[in-house]
Amino acid sequence: MQIQLNGEPRAIAAQTTVLQLVQAEGLGERRVAVEVNGEIVPRGRHGEHALAEGDRVEIVHALGGG
């Protein structure tokens, strides 16, 4: 199925969860904020929130530095 990930089209498997997407992007160990269709998905729900065809997903992660 097709979603928009950070503004770019992306093909993913049906029933992919937010957690699976975050892990596939190599961000599983990082603190991230995920928004699906304009709504924040709490970290505790990443494993249960299945994505749907056409969803718009934004993943933002904090960068350290100084």
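Along the sequence shown, residues carry numbers from 1.
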Hydrophobic cluster membership, [X] vs [Y], 4.5 Å side-chain cutoff:
X     : Y     : value
Ile12 : Val36 : yes
Met1  : Val41 : yes
Leu21 : Leu19 : no

Distance-minimising heavy-atom pair for [X] and [Y]:
X     : Y     : answer
Ile59 : Val34 : CG1-CG2, 4.3 Å
Arg43 : Arg31 : NH1-CA, 4.1 Å
Ala11 : Gln2  : CB-NE2, 3.4 Å

Residues, nucleotides or ligands: over 12 heavy atoms within 6.0 Å of [X] [atom1]:
X     : atom1 : result
Glu53 : CD    : yes
Glu29 : CD    : no
Gln15 : CD    : no

Distance (rounded to the nearest 0.5 Å) between Thr17 OG1 and His49 NE2: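 Reported value, rounded in 0.5 Å steps: 9.5 Å.
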Nearest-0.5 Å distance that lies between atom CD in Glu58 and atom CG in Asn37: 10.5 Å
Under a 4.5 Å cut-off applied to non-hydrogen side-chain atoms, are [X] and [Y] in contact?
X     : Y     : result
Ile3  : Thr16 : no
Ile40 : Glu35 : yes
Leu5  : Glu25 : yes

